[in-house]
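Both backbone and side-chain heavy atoms feed into the values below; hydrogens, waters and symmetry mates do not. Atoms within each ligand, like the ligands themselves, are counted from 1 in listed order.
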Amino acid sequence: MTPNIDKPTGVLFESDTLEDQVETSINNIKEQIKTDYNYKVEIVWRNVVLFALLHISALYGLYLCFTSAKLATVLFTAFLYQTSVLGITAGVHRLWAHRSYKATWPLRLLLVMMNTIAFQNSVIDWARDHRMHHKYSETNADPHNAKRGFFFAHMGWLLCRKHPQLKEKGKDIDLSDLYSDPIVRFQKNYYHILMPLMCFVLPTIIPVYLWNETWSNAIYVPTLFRYAFVLNITWLVNSAAHLYGDKPYDRFINPVENVSVATLALGEGWHNYHHTFPWDYKTAELGDYWQNFTTGFIDFFAMIGWAYDLKTVSLDMIEKRVNRTGDPTHDRYKSIHNK
Ligand code: ST9
Ligand code: ZN
Ligand code: ZN
């Protein structure tokens, strides 16, 4: 098998040299073709039980949403969805994992609070997994390797111990920029207090005390249903947006452009583009807000000076890449973005 050195994967930042990218690609291919005789999946039954209970509760919450929850509770649920998703997309994904823009401390504080509502582990742990996902995409060192199937990429990876190759290679991943941010360090150190408060306690007591919602509706609708819903939208980026869609920018990689995921995940379903140019703060070629609300959010904060040094990719560079490695669908995506 001859590695295609014209097609480097494993790019993390704009500053990665071509040599770095090619070396990572070749190492990834070597790992993939090594047969891993000793590896056995170790299921974590505690997580299986907790996620099963969460999803059953979420279905009941969805039922209550349409039958007995107050309108204020439903609107509050939508608000928490929007807020916590932005804490993932604009926060841990585009700001901290990729450093695709810079933010003043008030914006970082706001984003860390919004991120804690989402309970997807601390910013440092999430960004560590995500940097591994880009650097070792679709190999055993990728936490949610989509080559192991839809279910594994979606939620199965959270139900078993991580692959030893991930833990081994993960020792080299640089997180110094994250540890040097006091707001991010504070979140990690106090996550065991901040997370239950922001994700479960406040979303439950606010509807009860502010508009006399019942405890049952408050627990199941804005808390458990909302949490499970946001998790599943996020997981779709790892599963559906790695499996079903077009590849206008790089047909040699698995990630795809998936309009439905992009809309639900506030702009994170333009995944073929994102894996090709991961340093672009828009995670998409063009900055339409309808299917990329996160870009609108960052642009707003750039307008008031809280976000700055927004990185993007020139249309010329994109055009060259499309011609070199894309499938023939690029024109369709240009018109979607221009709508
Ligand atoms: C959740 C996360 O749901 C969802 C993330 C989704 C990511 C999406 C990314 C793609 C989308 C991008 C766009 C955003 C879209 C947003 C859309 C929004 C709508 N590197 O982990 P442990 C080492 S969380 C380096 O315990 P186990 C390290 O030494 C849901 N090293 O592994 C570590 O020790 P320490 C709520 C690494 O024991 C040690 O291994 N949370 C790395 O195998 C142990 O680490 C849960 O449910 C690495 N990447 O257990 C918790 N990783 O940490 C679920 C590990 O001390 N998790 N090491 O340094 C668990 O229970 C466990 O992690 C486990 C694995 C059972 C899954
Ligand atoms: Zn991906
Ligand atoms: Zn990413």
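- Side-chain atoms of Pro248 and Val322, non-hydrogen and from C-beta on, never get closer than 4.5 Å to each other.
- Every atom of ligand 1 is numbered from 1 in the order shown, and the set under 4.0 Å from a heavy atom of Tyr227 is 30 (C), 36 (C).
- Heavy-atom contacts of His130 reach the following atoms of ligand 1: 9 (C), 10 (C), 12 (C) (cutoff under 4.0 Å).
- Residue Val237 touches ligand 1 through its side chain alone, judged by heavy-atom distances below 4.0 Å.
- Note on His274: counted as a metal contact of the Zn ion (ligand 3), an N/O/S atom lying under 2.8 Å.
- Residue contact annotation: His275 places no N/O/S atom under 2.8 Å from the Zn ion (ligand 3).
- Aromatic ring orientation, Trp211 versus Phe76: perpendicular (interplanar angle above 60°, classes split at 30° and 60°).
- Proximity annotation for atom 64 (C) of ligand 1: of Gly87, Cys160, Gly267, Cys160 comes nearest, heavy atoms only.
- Applying the 4.0 Å criterion to heavy atoms of Val44 picks out, from ligand 1, the atoms 66 (C).
- For atom 56 (O) of ligand 1, no protein heavy-atom neighbour is found at a distance under 4.0 Å.
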Salt bridge (Lys or Arg N to Asp or Glu O under 4.0 Å) between Asp327 and Arg251, worked out: CA-CA 6 Å; Asp327 71 9; Arg251 64 184 183 280; over 6 Å; no

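- The distance from ligand 1 to the heavy atoms of Gly170 drops below 4.0 Å at these ligand atoms: 20 (N), 25 (C).
- Against a heavy-atom cut-off of under 4.0 Å, Leu166 is close to the following atoms of ligand 1: 42 (C), 48 (C), 49 (N), 52 (N).
- Not a single protein heavy atom sits closer than 4.0 Å to atom 62 (C) of ligand 1.
- Centred on the Zn ion (ligand 3), the angle running from His134 (NE2) to His93 (NE2) is recorded as 170°, rounding to 10°.
- Interface atoms of ligand 1 facing Lys167, defined by a heavy-atom separation under 4.0 Å, are 23 (C), 27 (P), 32 (O), 38 (O), 40 (O), 43 (O).
- Counted by atom type alone, Ser314 and Asp316 present zero donor-acceptor pairs between their side chains at under 3.5 Å.
- Ranking the protein heavy atoms by distance from atom 60 (C) of ligand 1 puts Asn47 ND2, 3.6 Å first.
- Nearest-heavy-atom check against atom 46 (C) of ligand 1 across Val92, Asp142, Asn121 picks out Asn121.
- The atoms of ligand 1 that sit less than 4.0 Å from any heavy atom of Ile88 are 16 (C).
- Looking at heavy atoms from C-beta onward, Asn258 lies out of side-chain contact with Trp270 at the 4.5 angstrom threshold.
- Ligand 1 places these atoms under 4.0 Å from at least one heavy atom of Met132: 20 (N), 49 (N).
- Paired with Phe119 under the rule side-chain contact (heavy atoms from CB on, under 4.5 Å), one option of Asn115, Asn121, Ile117 passes, and it is Asn121.
- Considering Arg46, Gln120, Arg161, Glu42 only, the shortest heavy-atom separation from atom 38 (O) of ligand 1 involves Arg161.
- The shortest N/O to N/O separation between Trp157 and ligand 1 does not fall below 3.5 Å.
- Glu285 and Tyr249 form a side-chain donor-acceptor contact under 3.5 Å, judged by distance and modelled atom types alone.
- The aromatic ring centroids of Phe51 and Trp157 lie 6.0 Å or more from each other.
- Looking at ligand 1, you won't find any N or O of Lys171 less than 3.5 Å from one of its N or O atoms.
- Residues Thr312 and Lys282 bring a donor and an acceptor atom of their side chains to less than 3.5 Å of each other.
- Taking backbone and side chain together, His242 holds an N, O or S atom under 2.8 Å from the Zn ion (ligand 2).
- For the residue pair Asp125/Tyr191, the side-chain donor-acceptor check at 3.5 Å is not satisfied.
- Geometrically, ligand 1 and Trp126 share no nitrogen or oxygen pair separated by less than 3.5 Å.
- By the 3.5 Å distance cut-off applied to N or O atoms, Trp235 is counted among the residues near ligand 1.
- Compare Ala262, Ala97, Ser239, Ala265 by their heavy atoms: the one nearest to atom 17 (C) of ligand 1 is in Ala265.
- Here His98 contributes NE2 and His130 contributes NE2, and at the Zn ion (ligand 3) these two atoms make an angle of 100°, given to 10°.
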Salt bridge (Lys or Arg N to Asp or Glu O under 4.0 Å) assessment of Asp129 paired with Lys162: CA-CA 11 Å; Asp129 273 346; Lys162 288 173 173 164; 3.2 Å; yes

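- For a threshold of 3.5 Å applied to N or O pairs, the pair formed by Lys162 and ligand 1 contains at least one separation below that value.
- Under 3.5 Å, the side chains of Asp246 and Tyr333 contain a donor-acceptor pair of N or O atoms.
- In summary, the aromatic rings of His274 and His98 are positioned with their centroids under 6.0 Å apart.
- Checking His133, His271, His130 one by one against His93, the ring pair (Phe, Tyr, Trp, His ring centres under 6.0 Å) holds for a single residue, His130.
- Summary of contacts: the protein heavy atom closest to atom 9 (C) of ligand 1 is Asn238 OD1, 3.3 Å.
- For Phe293 and Tyr289, the distance between ring centers is not under 6.0 angstrom.
- Closer than 4.0 Å to atom 26 (O) of ligand 1 lies none of the heavy atoms of the protein.
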Are Asp177 and Arg99 close enough, and set up right, to give a salt bridge (Lys or Arg N to Asp or Glu O under 4.0 Å), and what steps lead you there? CA-CA 9 Å; Asp177 57 309; Arg99 305 199 314 242; 3.4 Å; yes

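- Between His275 and His134, the two ring planes are parallel [angle under 30°; tilted spans 30° to 60°].
- Among all non-hydrogen protein atoms, the one lying nearest atom 29 (O) of ligand 1 is Arg128 NH1, 4.4 Å.
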